[in-house]
Participant: 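Sharing a structure below in structure tokens format, with a few things to ask.
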There are 2 protein chains.
Amino acid sequence: MKAEDKILDAALKVFASEGFTGATTRRIAEEANVAEVTIFRKFQSKENLLKEVLIKNRAEISELDILFRIESDTDIATDLCNLGKKIAKDLRDKKKESKHRMLMFMLFEEGRRRPEVAEILTSVFQMYISRLSEYFEVQLQNGKLRNINPRSTALAFISYFVHTSLLRGVVDDCFMGDINEEVERFTDIFAHGILKTADTKVG
Amino acid sequence: MKAEDKILDAALKVFASEGFTGATTRRIAEEANVAEVTIFRKFQSKENLLKEVLIKNRAEISELDILFRIESDTDIATDLCNLGKKIAKDLRDKKKESKHRMLMFMLFEEGRRRPEVAEILTSVFQMYISRLSEYFEVQLQNGKLRNINPRSTALAFISYFVHTSLLRGVVDDCFMGDINEEVERFTDIFAHGILKTADTKVG
DNA sequence: ATTGTAAGTAAGTAGTTACTTACATATATT
DNA sequence: AATATATGTAAGTAACTACTTACTTACAAT
């Protein structure tokens, strides 16, 4: 792994856990196993390092687009449950040291201070919401859903996952037991909330 | 207003917007309209100032308990909608410069770094969830709800409000139109998600 | 063998920050 | 009037941090 990439990865990690102000170039260098001066040779300034971290991960996030593409199963409740599990799994995947959660934290924290960061958070959310909205829109036209607003519905769905994932980063696992079970419970409520009642069809 | 209180209020404001590390005692002093040295005379250290800010606002937050007490209206959908509007209103109340949102941001941000802060966030959430759970529990025994888990349901409900409130602090209002309308849409879905279907009763 | 490149070591600079000390002033209490 | 208490002004200290400079080492290409 090249020094530049090691630094970028380390920087994301340290920025996410200490915040931009709290992160020191020394710690980033330690984390990356490079000399501190290498950071400045490659990235000129801490400010610019942040910029590059965002650029790199923005690209990575865009590919995440796929995560929100629903593999339709004819059954909406099952669709949502599977999607939910997929999202929840991704937001706590330890293999990639939970890059998405680190990014999420950074975007939320630094977004309040830096418009460029807020702009990224905005566009990421817009992407997620668009994807989900499309799905709801289609199901609405299929006559399977009650009279709901697709965008608001998408936001509500996503809120649960982002919030619990943020919460888990702070209070780890004290509210929630088994994650899959929790997701099942949530998506069950959610699906019932938007579907035309089964009874209506039967009756 | 006494210097001590001016400092505590200013500190919450600055801590919430800049983070603990990013907040300087100079800025807090400016914000409070006191000399910087007064901060140290009253609070000894920045660290200790944070502690006192938490103590003061923890007491204030405990009173918030009332917010989650549901004024029952016999109709669960209406109950939840009213509760939602009450929460949403409180989380953006400008009169108190949105103290709750400032606190929320601070608890989420600093909670990841300071166990004492995480502990507060935990207990605040536990209080909220308990209150709501009780309500769901009762309605469950009244036979009005589907077979849901009260605690998971409470968490899901709260997630929407915390998340949208956090989001609003970063991307202000770009996803959501009129807040009350959004809340109505969400609580409509949510109520339908947990209630025994109307059709069942009719048919 | 020479040169170029990527990286490390070491020392230093300038600015900031938490916190201190010493002294002055205003206000309230006795 | 005298004293105590709360606050301000001003100057300074020690530590830290972003960033620089100068020199060295390792290695690959020519």
Side-chain angles (χ1 to χ4, degrees), chain A residues 1-57 102 105-107 109-117, chain B residues 1-57 102 105-107 109-117:
Chain A
M1 205 181 198
K2 291 271 164 208
E4 283 189 50
D5 288 320
K6 285 199 290 180
I7 292 169
L8 284 170
D9 281 358
L12 170 61
K13 203 167 166 179
V14 180
F15 284 152
S17 84
E18 316 286 331
F20 180 78
T21 328
T24 68
T25 49
R26 191 201 283 185
R27 267 233 60 213
I28 295 171
E30 273 172 25
E31 190 73 37
N33 256 311
V34 299
E36 199 182 347
V37 77
T38 308
I39 293 177
F40 293 99
R41 274 200 279 249
K42 300 272 176 192
F43 298 97
Q44 294 82 50
S45 70
K46 188 182 163 187
E47 196 76 32
N48 190 58
L49 176 57
L50 173 65
K51 217 170 92 183
E52 300 284 347
V53 168
L54 291 174
I55 289 171
K56 187 192 171 186
N57 289 287
M102 289 201 295
F105 272 116
M106 201 171 95
L107 294 178
E109 186 167 332
E110 290 307 317
R112 283 160 53 219
R113 282 153 214 158
R114 295 165 184 276
E116 342 94 65
V117 179
Chain B
M1 205 180 197
K2 291 272 164 208
E4 283 187 50
D5 288 320
K6 285 199 291 182
I7 293 169
L8 284 169
D9 281 359
L12 170 60
K13 202 168 168 179
V14 179
F15 283 152
S17 84
E18 316 285 331
F20 180 77
T21 328
T24 68
T25 49
R26 191 201 284 185
R27 267 235 58 214
I28 295 171
E30 273 171 24
E31 191 72 38
N33 256 311
V34 298
E36 198 182 346
V37 77
T38 307
I39 293 177
F40 292 99
R41 274 201 278 248
K42 301 272 177 191
F43 297 98
Q44 294 83 49
S45 71
K46 189 183 164 186
E47 197 75 31
N48 191 56
L49 176 57
L50 173 65
K51 218 169 93 184
E52 299 285 347
V53 168
L54 292 173
I55 289 171
K56 187 192 171 183
N57 289 287
M102 289 198 297
F105 272 116
M106 200 172 96
L107 294 179
E109 186 168 334
E110 290 307 317
R112 285 159 54 220
R113 283 157 212 154
R114 294 164 185 277
E116 342 93 65
V117 179

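These numbers were taken from a predicted model, which means no experiment stands behind them. Naming: A, B, ... by sequence-line order, numbering from 1 per chain.
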Participant: Which ones in residues 34-42 of chain B lie close to DNA chain C, meaning a heavy atom under 4.0 Å from one of its atoms?
Facilitator: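 Residues of residues 34-42 of chain B under 4.0 Å from DNA chain C: B:V37, B:F40.
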Participant: So, OP1 or OP2 of C:dA18: does either fall under 4.0 Å of a side-chain N or O from B:T25?
Facilitator: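 For C:dA18, OP1/OP2 do have a side-chain N/O of B:T25 under 4.0 Å.
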Participant: For DNA chain D, which residues in residues 1-13 of chain B have a heavy atom at a distance below 4.0 Å?
Facilitator: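 Heavy-atom contacts with DNA chain D come from B:A3.
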Participant: Backbone N or O of A:A23 within a donor-acceptor pair of the A:K46 side chain at under 3.5 Å?
Facilitator: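 Yes, because the side chain of A:K46 sits within donor-acceptor range (under 3.5 Å) of the backbone of A:A23.
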Participant: Before accepting this row, confirm whether a basic side-chain N of the pair A:K42/A:D5 lies closer than 4.0 Å to the acidic partner's carboxylate O.
Facilitator: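 Here A:K42 does not pair with A:D5 in a salt bridge, since their nearest N and O are not under 4.0 Å apart.
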Participant: Using whole Å, report how far CD of B:E18 lies from P of C:dT16.
Facilitator: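 After rounding, the gap between these two atoms is 16 Å.
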Participant: Look up atom CD1 in B:I39 and atom OG in B:S45, then write down how far apart they are to the nearest 0.5 Å.
Facilitator: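 Separation between the atoms: 11.5 Å.
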Participant: State plainly whether the residues A:R113 and B:E18 are in salt-bridge range, i.e. N to O under 4.0 Å.
Facilitator: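 Between B:E18 and A:R113 there is no salt bridge, as every charged N stays at least 4.0 Å from the carboxylate O atoms.
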Participant: Would you call B:E30 and B:R26 a salt bridge, using N to O less than 4.0 angstrom?
Facilitator: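 Answer for the salt bridge query: no.
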Participant: Would A:K56 and A:E52 count as a salt bridge (charged side-chain N to carboxylate O under 4.0 Å, His left out) if you check the C-alpha gap in whole Å, the side-chain angles of each, and the deciding distance to 0.1 Å?
Facilitator: CA-CA 6 Å; A:K56 187 192 171 186; A:E52 300 284 347; over 6 Å; no
Participant: Please find the pair of heavy atoms, one from B:E47 and one from B:F20, that lie closest to each other, and give the distance.
Facilitator: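 The pair with the smallest heavy-atom distance is OE1-CZ, 3.8 Å.
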Participant: Please examine the side chains of A:L49 and A:I28, heavy atoms only from C-beta on, and report whether any two atoms are closer than 4.5 Å.
Facilitator: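 They are in contact (side-chain heavy atoms under 4.5 Å apart), so the answer is yes.
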Participant: With side chains defined as the heavy atoms from C-beta onward, is the minimum distance between A:R114 and A:L50 less than 4.5 Å?
Facilitator: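 Sidechains of A:L50 and A:R114: in contact.
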Participant: Base, sugar-phosphate, or nothing: which does B:A29 touch, judged by heavy atoms less than 4.0 Å apart?
Facilitator: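 No contact.
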Participant: Mind running a 4.0 Å heavy-atom check of residues 44-52 of chain A against DNA chain C and sending the residues that fall below it, in number order?
Facilitator: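 The answer is none.
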Participant: Tell me, yes or no, whether the heavy-atom count around B:K51 atom NZ, taken from other residues, nucleotides or ligands under 6.0 Å, exceeds 12.
Facilitator: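 Open: at most 12 neighbouring heavy atoms sit under 6.0 Å from NZ of B:K51.
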Participant: Within this structure, what is the CZ-to-P distance between B:F15 and C:dT17, rounded to whole angstrom?
Facilitator: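 In whole Å, C:dT17 P lies 14 Å from B:F15 CZ.
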Participant: When the distance from CZ of B:F43 to P of D:dA6 is rounded to whole Å, what number comes out?
Facilitator: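 After rounding, the reported distance stands at 13 Å.
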Participant: Do the side chains of A:M102 and A:N57 get nearer than 4.5 Å, heavy atoms only?
Facilitator: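 No - every pair of side-chain heavy atoms lies 4.5 Å or more apart.
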Participant: Starting from C1' on C:dC19, measure out to CZ on B:R26 and report it in whole angstrom.
Facilitator: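 It is 13 Å, rounded to the nearest whole Å.
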